[in-house]
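What you are looking at is a predicted structure, and each value in this text was computed from that prediction instead of being measured. Note: hydrogens, waters and symmetry copies are ignored here, and every other heavy atom, side chains too, is used. Quick note on labels: first sequence line is chain A, next is B, and so on, each numbered from 1.
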2 protein chains.
Amino acid sequence: MLQDMPTLTDVAKLAGVSEITVSRVVRNKGPIADATRTRVLSAIEKLGYVPNRAAGSLASSGSQLMGVLLPSLSNIVFPEVLRGIHSALASTGYQPLIGVTDYDLKTEQGIVSSLLAWQPAAIIMTGFDHTDATRRMLANSRVRVAELMDIDADPIDIAVGLSHRRAGFDAGRHLISRGYRRFGYVGHDWDADRRARLRYEGLCTALAEAGLTLEAEQRFAGPSSTIAGRDTLAAMMAKNPTIDVAVFSNDDMAVGGFFYCLTAGIAVKEKLALFGFNGLDIGQSLPMPLSTVRSNRFLIGKIAVEKLLESGERPTEKQIIDTGYEIVAGATA
Amino acid sequence: MLQDMPTLTDVAKLAGVSEITVSRVVRNKGPIADATRTRVLSAIEKLGYVPNRAAGSLASSGSQLMGVLLPSLSNIVFPEVLRGIHSALASTGYQPLIGVTDYDLKTEQGIVSSLLAWQPAAIIMTGFDHTDATRRMLANSRVRVAELMDIDADPIDIAVGLSHRRAGFDAGRHLISRGYRRFGYVGHDWDADRRARLRYEGLCTALAEAGLTLEAEQRFAGPSSTIAGRDTLAAMMAKNPTIDVAVFSNDDMAVGGFFYCLTAGIAVKEKLALFGFNGLDIGQSLPMPLSTVRSNRFLIGKIAVEKLLESGERPTEKQIIDTGYEIVAGATA
DNA sequence: GAGAAATATGTTAGCGCTGTCATAATGACT
DNA sequence: AGTCATTATGACAGCGCTAACATATTTCTC
């Protein structure tokens, strides 16, 4: 679409130097005399020259692009990861090229293929589930790959996140130590969200070790949301009014649960304790701060980028970076 | 970073055709005999060929990229716009290349420059405020430009959004018609968020026309958030306990205000009415659905892409697309 | 069955940049 | 003055693809 845009050649002519010299000035690479640099820079300024990255990529077989695959933009946690990615990228000249998979592995495969077409410096994905074709493409391309959020499996290259299984387990231990015994679980569709399921499994393990078991369990057949949390807790309480703590698949669901209690006149914590996951702002701004597990999504994105940029080659050793989590006592459990 | 990746030439050799024929198959362009197509396709499959977009861009001077500039990822409305953009892009083969400006015009300028370097098919930005240099780059490049969210000014090419001034005005009329007279305004930093200011101005106009005026006004000196809304309403009520309706700069702030009322034991609507802006899910899942104005962010992103893709050239007539808004009566005002 | 029209394929010449290797100019140290 | 490094610049080829223009080949038309 660009038209008559000035090229390196134009700048070189105006500055009275060769093209490669201009290229060196632009990329800050190789030795350049101060006088020459100044001359070139002013020529660039005069012409309004903007380098053509496509040409650059082609010539150097490698782009200043980083592919980012997110499962969804509806769930606030992924924009937060993206924010971390962007913040680490900001100072580097790299640009994120994003794709959204909608939790679908075939879609992911298609997007990986189109991202690879840009010869990105690295690709950031979510989770460990990929099609064989995706794995093959990634292997052939040799680009660096980070798999985010989760560390409960074997990564392709590096993994950055936290153990959701352990987080679920610790949440269970925490609640047991606080005296809760009659557990209910309020979840959402976990075919897509493998991590919610891992937390659930961790929770069940903790309960089993204490000789307990989930007394009630209700899962909403769709993505998590405040409304789903509200309605799903309502459904569970209708069937099992005797539980003393509801563990939610995440904070969105838990905030909905809190609203349900408000409406139904159930005393939160005294009558029914609520526990979430993520540590979202909204949960902490409730009249009673939500008891939850705080994960650091921003940090996950940021660290992933930093690690990926450390080296262009995949290291021989796969790397797993645990960004940890923190039990937030809150006031609801 | 890619290495020994097969090229068009390899595919062409294996399929026993010329390069251009492979190129045509890949791009689905020009007439190709079915037999040839099949042969080429299976060669592509066999080699695991992935086209190099940088080369394609360079040769055709135009990429399958769409530049997207967002002011922030922290405010949920922008990921929603991005979702709309992505949804419209999904079927087209275009990929969004994103940049985040942090509401800073100089940052925006830098990002526009790096996006332009990829020769994107179009650029999507937010708002009408840009530096002169940004405008110049955009003008020189001749790429299509959409300015989103707002339609209260003159666009570069097309604008998609709603009149925030009118929305503020209508919200004011609505509240006045419901009998509210003692207005308070709870806002956030609007140097960055020009649209919040426009709504505020619209509100003031409505009040003035009715012979009314804001009795109280409190602005938080930072970005909007639930916590800011809670604390800022608290501050306002401490100074002006007599107002009967609080208009918030957006739903995040208003939800915080609701939480404040809960904590302080203020009867929402009877004693103090609350009114937001955006129509976020969280507001509608409150025990009392929030009274607000619903804008359609997803639609804004989607329509912008559709309009931009209609033609590669800027039309002679600037276009303004009003995606409208809707007063949501709710239960808090 | 000659010519027009449509369909299918190929040839050539770059797109704008950077890697590689060469060359020139300067200083540093014998 | 001569060797060696160091710094500064340039020539040239080519990255992988596609636009533009041929050139076959087939199908239709009267």
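- If you check every strand for non-hydrogen atoms under 4.0 Å, B/S57 touches nothing.
- In A/K318, the NZ atom is crowded: over 12 heavy atoms of neighbouring residues, nucleotides or ligands sit closer than 6.0 Å.
- Distances from the side chain of A/S60 to the nucleotides D/dG16, D/dC17, C/dG19 place C/dG19 closest.
- Remark: P of C/dG14 and CG of A/N52 are 18 Å apart, rounded to the nearest angstrom.
- At C/dT18, one or more side-chain N or O atoms of A/S23 fall inside 4.0 Å of OP1 or OP2 (strictly under the cut-off).
- To the nearest 0.5 Å, atom CD1 of residue A/I111 and atom OG of residue A/S113 are 10.5 Å apart.
- Each of B/I32 and B/A59 has a nearest nucleotide on DNA chain C; the 5'-most of these lies closest to B/I32.
- Contact of A/R24 with D/dG10 (side chain to base): a donor-acceptor pair of N or O atoms is detected under 3.5 Å.
- As a whole-Å value, the separation of B/D34 CG from D/dT26 C1' is 15 Å.
- Two residues, B/T36 and B/L58, neighbour DNA chain C, and the one matched to the more 5' nucleotide by heavy-atom proximity is B/T36.
- Of the candidate nucleotides C/dG10, D/dG16, C/dC17, C/dC17 has the atom nearest to the side chain of A/Y49.
- Across the protein-nucleic acid pair, B/R27 atom CZ and C/dT9 atom P stand 15 Å apart, rounded to whole Å.
- Following rounding to the nearest Å, B/W118 (CH2) and C/dC17 (P) show an atom-to-atom distance of 12 Å.
- Between B/R39 and C/dT9, a side-chain N or O to OP1/OP2 separation shorter than 4.0 Å is absent.
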Using the rule given for side chain to side chain donor-acceptor pair (under 3.5 Å), can you reason through A/T131 versus A/Q109, listing the C-alpha separation, both sets of side-chain angles and the distance that settles it, and then say yes or no? CA-CA 7 Å; A/T131 66; A/Q109 177 181 325; 2.9 Å; yes
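- Contact check, B/T21 against C/dG10: a side-chain N or O comes under 4.0 Å of OP1 or OP2.
- In this model, the phosphate group of D/dA19 is approached by a side-chain N or O of B/K29 to a distance below 4.0 Å at OP1 or OP2.
- Counting only heavy atoms from C-beta on, B/T7 has its side chain closest to D/dC17 among C/dG10, D/dC17, D/dC15.
- For B/I20 and C/dT12, the CD1 to P distance is 14 Å, given to the nearest whole Å.
- One distance of note links CG of A/L148 with CD1 of A/I321; it measures 10.0 Å at 0.5 Å rounding.
- One interatomic measurement links the two molecules: CG of A/L8 to C1' of C/dC15, which rounds to 13 Å at whole-angstrom precision.
- In this structure, B/E19 places its CD atom 11 Å from P of D/dG16, rounding to the nearest Å.
- Between B/R83 and B/E80, none of the side-chain N atoms (NZ, or NE/NH1/NH2) sits under 4.0 Å from a carboxylate O, so this pair counts as no salt bridge.
- B/R144 has a carboxylate O that lies under 4.0 Å from a charged side-chain N of B/D157, or vice versa, which qualifies the two as a salt bridge.
- Note on A/R53: every side-chain N or O is 4.0 Å or more away from OP1 and OP2 of C/dC15.
- In this structure, A/Q119 places its CD atom 9 Å from C1' of D/dC15, rounding to the nearest Å.
- Among the nucleotides C/dT18, C/dT9, D/dT9, the one closest to any side-chain atom of A/A33 is D/dT9.
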